[in-house]
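Quick note: numbers below take in every heavy atom, side chains included, and nothing from hydrogens, waters or symmetry partners.
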Amino acid sequence: MLEINFHPFKNLETERLLLRRIAETDVAEIFELRSNPETMQYIPRPLAKTKEEALAHFKMIDDKIESNEGINWAITLKGSPKLIGIIGHYRIQPENHRCEIGYMILPQHNGQGIVTEAIKVVLEYGFEDLQMHSIEAVIDPENKASERVLQKNGFIKEAHILENLLYEGKFLDAVIYSILKRNFKQ
């Protein structure tokens with residue numbers, strides 16, 4: 001079984017991006033993400049209604065890092081500390097060497113290749129630092145933009161699960177994409 005340890009926290013860099021630890025000072029941007037109907041369209045969670053809810057989300061993220069249960073980074077453009085998105089590893093299964101990747105970005109940054117670029121370095125961290133064997137992403141089948149981003153990063157469609165999640169009185173489908181370490185190209 002893998003031993004997961006996020007300490008010390010490791011910032012990640014790409015050509016254009018700095019992925020850093022999310023801080024309490026990012027609460028306004030977390031609220032902007034989590035309260036935006038466009039950003040949350042394919043995420044079956046209620047919209048944040050207050051800054052206190054955004055602060056609670058930050059605390060949950062920070063607690064998971066402290067307890068080595070999950071890790072998230074603030075996506076920022078180099079030269080600007082402003083959080084424009086969040087990306088990380090969730091639902092870590094050390095016994096199976098598998099975890100899930102998740103991400104979200106403010107709509108004004110869609111279509112710029114930012115998430116595609118961030119995923120590459122987060123996958124590298126997952127495979128090299130965490131020693132994962134496979135990494136999955138669970139998306140809404142209607143989220144075509146996310147599907148394209150995953151495919152660009154070498155993910156393959158593993159499953160389309162029918163009506164496996166009940167949210168707000170409606171059963172939702174889920175699509176699982178995954179990538180194996182041996183198929184990851186840095």
K82 with D26: basic N within carboxylate O range, under 4.0 Å: no
In this structure, OG1 of T39 is separated from CD1 of I43 (nearest 0.5 Å) by 7.5 Å
Between the OG atom in S146 and the CD1 atom in I119, the distance rounded to the nearest 0.5 Å is 6.5 Å
Side-chain heavy-atom pair V121, L19 within 4.5 angstrom cut-off: yes
Report the distance from atom CH2 of W73 to atom CD1 of I71, rounding to the nearest 0.5 Å. 4.0 Å
Would you say the side chain of F6 lies within less than 4.5 Å of the side chain of K64, judging by non-hydrogen atoms? no
Test side chain to side chain contact (heavy atoms under 4.5 Å, CB included) on L17 and L12; report intermediate values, then the result. CA-CA 8 Å; L17 307 174; L12 307 176; over 6 Å; no
I'd like to know if the side chain of Y177 pairs up with that of E158 as donor and acceptor (distance under 3.5 Å, no hydrogens or angles considered). no
Stepwise side chain to side chain contact (heavy atoms under 4.5 Å, CB included) check, E69 with I92: CA-CA 7 Å; E69 293 177 57; I92 297 172; over 6 Å; no
What are the two closest non-hydrogen atoms of P94 and I4, and how far apart are they? CG-CG1, 4.1 Å
Hydrophobic cluster identity match, L106 and L77, side-chain contacts under 4.5 Å: yes
How about I179 and I156: do any of their side-chain heavy atoms sit closer than 4.5 Å? no
Expected output: side-chain D173 to main-chain E163 donor-acceptor under 3.5 Å: yes
Here the gap from F155 atom CZ to N183 atom CG, rounded to the nearest 0.5 Å, amounts to 11.0 Å
Same apolar cluster (I L V M F W Y, side chains within < 4.5 Å links), M40/I30: yes
Treating Q41 as the side-chain partner and P37 as the backbone partner, does any N or O pair qualify as donor plus acceptor under 3.5 Å? no
So, taking the atom named CG in L2 and the one named CD in E95, what distance separates them when rounded to the nearest 0.5 Å? 9.0 Å
Report whether F31 and I86 are members of the same hydrophobic cluster (ILVMFWY, side-chain heavy atoms less than 4.5 Å apart, transitive linking). no
Pair K78 + E13, salt bridge at N-O below 4.0 Å: yes
Taking all heavy atoms of K157 and all of V175, pick out the closest pair and write down the distance. CE-CG1, 3.8 Å
On a heavy-atom basis, the closest approach of Y167 and R45 is OH-C, 2.9 Å
Spatial distance of atom CD (Q151) from atom CZ (R148) [nearest 0.5 Å]: 9.0 Å
Run the numbers on M60 and D63 for side chain to side chain contact (heavy atoms under 4.5 Å, CB included), then give the verdict. CA-CA 5 Å; M60 181 270 301; D63 288 348; 5.8 Å; no
Partners passing side-chain hydrogen bond (donor to acceptor under 3.5 Å, both in side chains) against K181 (at least two apart in sequence or in another chain): Q131
Testing the basics here: between A174 and V138, what is the closest heavy-atom pair and its distance to 0.1 Å? CB-CG1, 3.8 Å
Do I114 and I105 come close enough that some side-chain heavy atom pair is under 4.5 Å? yes
Are I161 and Y90 connected, step by step, through hydrophobic side chains (Ile, Leu, Val, Met, Phe, Trp, Tyr) whose heavy atoms are closer than 4.5 Å? no
When you compare the side chain of F58 with that of I22, does any pair of heavy atoms fall below 4.5 Å? yes
Using a cut-off of 6.0 Å, state whether more than 12 heavy atoms not belonging to R91 lie near its atom CZ. no
Of all the heavy-atom pairs spanning I75 and M104, show the shortest one and how long it is. CD1-O, 4.4 Å
Flag the pair L55 / E24 as yes when at least one side-chain heavy-atom distance between them is below 4.5 Å, and no otherwise. yes
So does E15 have more than 12 non-hydrogen atoms from other groups sitting under 6.0 Å from CD? no
With side chains defined as the heavy atoms from C-beta onward, is the minimum distance between K120 and T14 less than 4.5 Å? no
Verify same cluster id: L123, L180 (apolar side-chain graph, 4.5 Å): no
Basic-acidic side-chain contact under 4.0 Å: E136, R98: yes
If you count the non-hydrogen atoms of other residues, nucleotides and ligands that lie under 6.0 Å from NZ in K144, is the total more than 12? yes
Can you check side chain to side chain contact (heavy atoms under 4.5 Å, CB included) on H160 and L162, steps first, answer last? CA-CA 6 Å; H160 184 137; L162 300 175; 3.8 Å; yes
Look at the side chain of H7 and the backbone N and O of I65, then say whether any donor-acceptor pair between them is shorter than 3.5 Å. yes
For a 4.5 angstrom cut-off between non-hydrogen side-chain atoms, does R34 reach L47? no
What one should report as the nearest heavy-atom pair of Y103 and I87 is CB-CG1, 3.8 Å
Could you tell me whether a side-chain N or O of H89 sits under 3.5 Å from a main-chain N or O of V122, the two making a donor and an acceptor? yes
Any salt bridge between R21 and E66, counting N to O under 4.0 Å? yes
